[in-house]
J.: 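Before I ask anything, let me first share the structure, which is written out below as structure tokens.
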Amino acid sequence: MSRFTGKVAVVTGAAQGIGAATARRFAEEGAKVAVVDLTTERAEATVAAITASGATAHAYGCDVADRGAVGELFTRVAEELGAPHILVNNAGLTRDQLLFKMSGDDWDTVLAVNLTGAFNCSQAAQKYMVEQRYGKIVSLSSRSALGNRGQANYAAAKAGIQGLTATLAIELGPYNVNVNAVAPGYVATAMTAATAERVGLSAEEHQVAAAERIPLRRVGLPEDIASVVAFLASDDASYVSGQTLYVNGGAR
Ligand SMILES: NC(=O)c1ccc[n+]([C@@H]2O[C@H](COP(=O)([O-])OP(=O)(O)OC[C@H]3O[C@@H](n4cnc5c(N)ncnc54)[C@H](O)[C@@H]3O)[C@@H](O)[C@H]2O)c1
């Protein structure tokens with residue numbers, strides 16, 4: 001299967017976890033992949049895994065919250081790999097705290113990376129997508145968008161992703177650009193391992209407890225999310241736009 005032959009995909013936060021699995025999936029299906037993370041060094045491991053399989057990927061260091069750096073990133077990607085057809089806004093972080101203890105910096109940082117980062121990258125990418133009358137933007141929301149104790153900042157950012165997605169779908173649809181979001185539930189990555197550590201559990205113990213509450217009785221793997229992102233970024237989903245797809249093992 002090579003749904004992405006001839007396509008250039010930019011995946012942010014792709015050094016590890018869901019972003020790395022998504023970058024690998026695009027490469028397996030024929031795309032040239034821009035693997036973006038905070039530093040080039042962090043992105044290198046994903047690039048090495050992709051190039052070892054014979055596919056093409058380049059590592060880029062960029063803080064998605066930095067508008068100037070994002071502009072430079074897209075210029076470089078277009079020069080080195082070609083104009084982007086696919087953008088996955090995956091870079092994210094958490095700074096969990098109950099409201100009364102949450103600092104302004106906890107709030108600002110989470111909004112800046114998870115939400116403003118997606119705005120910065122979408123704005124830079126749309127220029128190429130509109131010009132070529134083809135584009136796919138998929139952003140990572142979260143089940144936490146519906147509300148989650150200790151995550152006022154993250155929930156607000158991830159709910160914001162859903163509003164951004166619905167709006168960009170309306171604005172960019174006339175230029176043949178599809179814009180969608182994926183809202184995962186619990187996925188076993190460094191992010192959920194850090195949550196486990198905060199509550200005094202090992203990553204495995206935390207996953208077992210989470211799995212008991214999920215109808216499919218297991219936590220998600222990065223590949224479970226990557227395959228859905230790939231579907232939404234493919235022409236299999238060419239009439240899907242403005243949607244947020246919850247991928248959470250059946251939890252309501
Ligand atoms: N793991 C989950 O259970 C889960 C659930 C719902 C949504 N998500 C979302 O999925 C996405 C990926 O999550 P993950 O679990 O793979 O996380 P992760 O922490 O394993 O990976 C996130 C990556 O983003 C990078 N990153 C952080 N800030 C950045 C910045 N400013 N610029 C560029 N890169 C930056 C990190 O260096 C890291 O490599 C995030 O947006 C997250 O909010 C995760």
Side-chain angles (χ1 to χ4, degrees), residues 10-25 34-47 59-70 72-74 87-96 108-122 124 137-148 151 153-162 164-165 181-198 203 206-207 209-211 213-214 218-226 228-229 244-249 251:
V10 178
V11 185
T12 68
Q16 60 186 38
I18 294 168
T22 302
R24 291 195 302 267
R25 180 67 188 247
V35 176
V36 182
D37 212 287
L38 278 169
T39 62
T40 311
E41 295 67 38
R42 279 185 59 70
E44 291 291 3
T46 305
V47 168
Y60 296 91
C62 175
D63 175 352
V64 296
D66 179 338
R67 273 174 74 68
V70 167
E72 286 164 25
L73 164 73
F74 278 84
L87 165 66
V88 181
N89 288 310
N90 170 82
L93 47 72
T94 54
R95 292 279 184 277
D96 296 355
D108 291 344
T109 303
V110 168
L111 268 289
V113 176
N114 291 276
L115 183 55
T116 308
F119 162 74
N120 290 340
C121 293
S122 301
I137 299 175
V138 183
S139 302
L140 271 290
S141 177
S142 168
R143 186 262 156 232
S144 295
L146 302 174
N148 202 24
Q151 291 197 316
N153 49 2
Y154 185 75
K158 294 304 189 183
I161 287 288
Q162 299 192 14
L164 179 69
T165 296
V182 175
Y186 190 118
V187 183
T189 67
M191 185 177 275
T192 39
T195 307
E197 200 181 326
R198 268 198 304 281
H206 201 245
Q207 288 167 20
R213 298 190 296 272
I214 297 169
R218 68 174 180 86
V219 298
L221 299 174
E223 290 74 17
D224 292 319
I225 309 304
V228 177
V229 172
T244 296
L245 184 50
Y246 283 79
V247 183
N248 60 9

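None of the values given here were measured: they were computed from a predicted structure. When a ligand or atom number is given, it counts from 1 through the structure's own listing order.
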J.: Mind checking what makes side-chain hydrogen bond (donor to acceptor under 3.5 Å, both in side chains) contact with T192, not counting sequence neighbours?
T.: none
J.: Is the closest basic N to carboxylate O distance between R218 and D224 below 4.0 Å?
T.: yes
J.: Measure across A118 and I161 and return the closest heavy-atom pair with its distance rounded to 0.1 Å.
T.: CB-CD1, 3.6 Å
J.: Answer with yes or no whether the side chains of R143 and N248 bring together a donor and an acceptor at under 3.5 Å.
T.: no
J.: Which heavy atom of A181 sits nearest to which heavy atom of S141, and what is that distance?
T.: CB-CB, 4.4 Å
J.: Taking only heavy atoms of G17 into account, list the atoms of ligand 1 that are under 4.0 Å away from them.
T.: 16 (O)
J.: Do any nitrogen or oxygen atoms of T189 come within less than 3.5 Å of a nitrogen or oxygen of ligand 1?
T.: yes
J.: With heavy-atom distances below 4.0 Å as the criterion, list the atoms of ligand 1 near A15.
T.: 39 (O)
J.: I'd like the name of whichever of V219, N114, V70, D63 reaches closest to atom 31 (N) of ligand 1 through any heavy atom.
T.: D63
J.: Which residue and atom name correspond to the protein heavy atom nearest atom 19 (O) of ligand 1, and how close is it?
T.: Q16 NE2, 3.4 Å
J.: Just to check, does R143 reach to within less than 4.0 Å of ligand 1 when the distance is taken from its heavy atoms?
T.: no
J.: Looking only at heavy atoms, is any part of T192 under 4.0 Å from ligand 1, and if so is it the side chain, the backbone, or both, or is it neither?
T.: side chain
J.: Main chain of V64, side chain of N120: is a donor-acceptor contact present, judged purely on distance under 3.5 Å?
T.: yes
J.: How far is atom 7 (C) of ligand 1 from its nearest protein heavy atom, and which residue and atom name does that atom have?
T.: S141 O, 3.2 Å
J.: Return the residue, atom name and 0.1 Å-rounded distance of the protein heavy atom closest to atom 5 (C) of ligand 1.
T.: G185 O, 3.0 Å
J.: Could you tell me the residue and atom name of the protein heavy atom closest to atom 34 (N) of ligand 1, and the distance to it rounded to 0.1 Å?
T.: A91 CB, 3.5 Å
J.: Tell me which part of A188 gets within contact of ligand 1: side chain, backbone, both or neither, using heavy atoms under 4.0 Å.
T.: neither
J.: Atom CG in L115, atom NZ in K158: separation rounded to 0.5 Å?
T.: 9.0 Å
J.: Can you name the closest pair of heavy atoms from A157 and N114 and give their distance?
T.: CB-CB, 3.7 Å
J.: Suppose we measure from atom 8 (N) of ligand 1 to each protein heavy atom; which comes out shortest, and what is that distance?
T.: Y154 OH, 3.5 Å
J.: In this structure, does ligand 1 have an atom that sits under 4.0 Å from one of the heavy atoms of S144?
T.: no
J.: Looking only at protein heavy atoms, identify the closest one to atom 30 (C) of ligand 1 and say how far it is in Å.
T.: L38 CD2, 3.4 Å
J.: Taking all non-hydrogen atoms of both residues into account, name the closest pair between P222 and T189 and its distance.
T.: CG-CG2, 4.0 Å
J.: For atom 23 (C) of ligand 1, what's the nearest protein heavy atom and its distance?
T.: G13 O, 3.5 Å
J.: Considering the heavy atoms of Y186, write down every atom of ligand 1 situated less than 4.0 Å from one of them.
T.: 3 (O)
J.: Measuring from non-hydrogen atoms of N90 to any atom of ligand 1, is the shortest distance under 4.0 Å?
T.: yes
J.: Under 3.5 Å between any N/O of R42 and any N/O of ligand 1: does that happen in this structure?
T.: yes
J.: Measure from atom 32 (N) of ligand 1 to every heavy atom in V64, V187, I225 and give the option owning the shortest one.
T.: V64
J.: Decide whether an N or O pair under 3.5 Å exists between V113 and ligand 1.
T.: no
J.: In terms of atom number and element, which parts of ligand 1 are under 4.0 angstrom from non-hydrogen atoms of C62?
T.: 32 (N), 33 (C)
J.: So is G220 in contact with ligand 1, going by heavy-atom distances below 4.0 Å?
T.: no
J.: Would you say E223 and R24 make side-chain contact, with heavy atoms under 4.5 Å?
T.: yes
J.: Below the 3.5 angstrom mark, is there an N/O of D37, backbone or side chain, next to an N/O of ligand 1?
T.: yes
J.: Without hydrogens or angle criteria, can the side chains of R42 and Q16 be said to hold a donor-acceptor pair below 3.5 Å?
T.: yes
J.: Taking atom types as modelled, is there a side-chain donor on N90 or T22 under 3.5 Å from an acceptor on the other?
T.: no
J.: Identify the protein heavy atom lying closest to atom 27 (C) of ligand 1, giving its residue, its atom name and the separation to 0.1 Å.
T.: G92 O, 3.6 Å
J.: Could you check whether any side-chain N or O of N153 sits under 3.5 Å from a backbone N or O of R95, counting only pairs where one atom can act as donor and the other as acceptor?
T.: yes
J.: Got P184 and Y246 here, is their nearest side-chain heavy-atom distance under 4.5 Å?
T.: no
J.: What residues form a ring-ring contact (aromatic ring centres under 6.0 Å, His included) with Y186, not counting sequence neighbours?
T.: H206
J.: Taking a cutoff of less than 4.0 Å between a non-hydrogen atom of the residue and any ligand atom, is A112 in contact with ligand 1?
T.: no
J.: With only distance considered, is I18 within less than 3.5 Å of ligand 1 through an N or O on each side?
T.: yes
